Amino acid sequence: MQHVLPFFIPIVALSIPLAGVIFFGLQKLARTRLEEARVRAGTLGAGGEAELTALRDEVGDLRRELGELQERMDFTERMLTQAREMERLPGRDQS
């Protein structure tokens with residue numbers, strides 16, 4: 001028994017913070033689900049309407065930014081395709 005005890009000390013010492021992280025995550029998940037249920041039921045807490053409006057605005061901003069990024073990516077893809085096509089043209093020096 002005395003030879004096994006030194007192996008359990010680090011295991012217990014490392015499992016305590018891990019258990020704390022797991023329980024914190026579960027608590028956060030439960031709160032999130034509770035808020036979702038309140039929103040679906042139509043009862044928002046204090047300041048809930050303002051928070052919902054802010055979240056909608058943020059989602060709108062994110063959608064706009066995503067659209068801009070998609071346009072930039074399309075432009076970059078077209079430029080890369082043109083560069084590849086230019087390399088394939090006859091008369092280009094192949095090094």
Side-chain angles (χ1 to χ4, degrees):
M1 183 70 177
Q2 292 177 348
H3 300 292
V4 178
L5 187 60
F7 292 110
F8 283 121
I9 293 173
I11 292 172
V12 171
L14 292 174
S15 64
I16 291 172
L18 181 63
V21 169
I22 290 171
F23 287 129
F24 178 75
L26 290 174
Q27 182 182 21
K28 186 88 167 162
L29 180 65
R31 286 182 183 168
T32 303
R33 297 225 176 185
L34 183 60
E35 282 297 319
E36 288 175 358
R38 286 181 181 162
V39 168
R40 285 190 196 124
T43 59
L44 297 175
E49 193 67 39
E51 184 178 350
L52 187 59
T53 302
L55 287 173
R56 285 182 178 150
D57 291 341
E58 186 175 348
V59 168
D61 291 342
L62 289 172
R63 285 182 177 165
R64 181 184 45 79
E65 289 176 14
L66 179 61
E68 290 174 4
L69 286 173
Q70 287 174 337
E71 288 177 13
R72 291 178 185 174
M73 188 173 70
D74 290 342
F75 176 76
T76 304
E77 287 175 347
R78 285 194 303 270
M79 295 300 289
L80 289 172
T81 302
Q82 286 178 356
R84 288 185 190 137
E85 292 298 321
M86 292 296 287
E87 290 175 358
R88 293 181 187 169
L89 288 177
R92 294 265 313 172
D93 292 334
Q94 300 290 329
S95 301

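Worth saying up front: this structure is predicted, and the values here are computed from it rather than measured. Atom set for the values below is all heavy atoms of this structure, side chains included, hydrogens, waters and symmetry mates excluded.
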A.B. asks: If you look only at distance, which donor and acceptor atoms sit under 3.5 Å apart when one is on a side chain in residues 67-85 and the other is two or more places apart or in another chain?
C.D. replies:
residue: E68; atom: OE2; partner: R64; partner atom: NH1; Å: 3.3
residue: T76; atom: OG1; partner: R72; partner atom: O; Å: 2.9
residue: T81; atom: OG1; partner: E77; partner atom: O; Å: 2.8
residue: E85; atom: OE2; partner: R88; partner atom: NH1; Å: 3.4

A.B. asks: Would you compute the distance between atom CD of Q27 and atom OG1 of T32 and round it to the nearest 0.5 angstrom?
C.D. replies: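 Between atom CD of Q27 and atom OG1 of T32 there are 10.5 Å.
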A.B. asks: As an exercise, state the distance from CG of L55 to CG of L62, rounded to the nearest 0.5 Å.
C.D. replies: 10.5 Å
A.B. asks: Should side-chain heavy atoms under 4.5 Å link Ile, Leu, Val, Met, Phe, Trp and Tyr, which residues sit in the same cluster as L29?
C.D. replies: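 None; L29 is a cluster of one.
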A.B. asks: Report whether L18 and L26 are members of the same hydrophobic cluster (ILVMFWY, side-chain heavy atoms less than 4.5 Å apart, transitive linking).
C.D. replies: yes
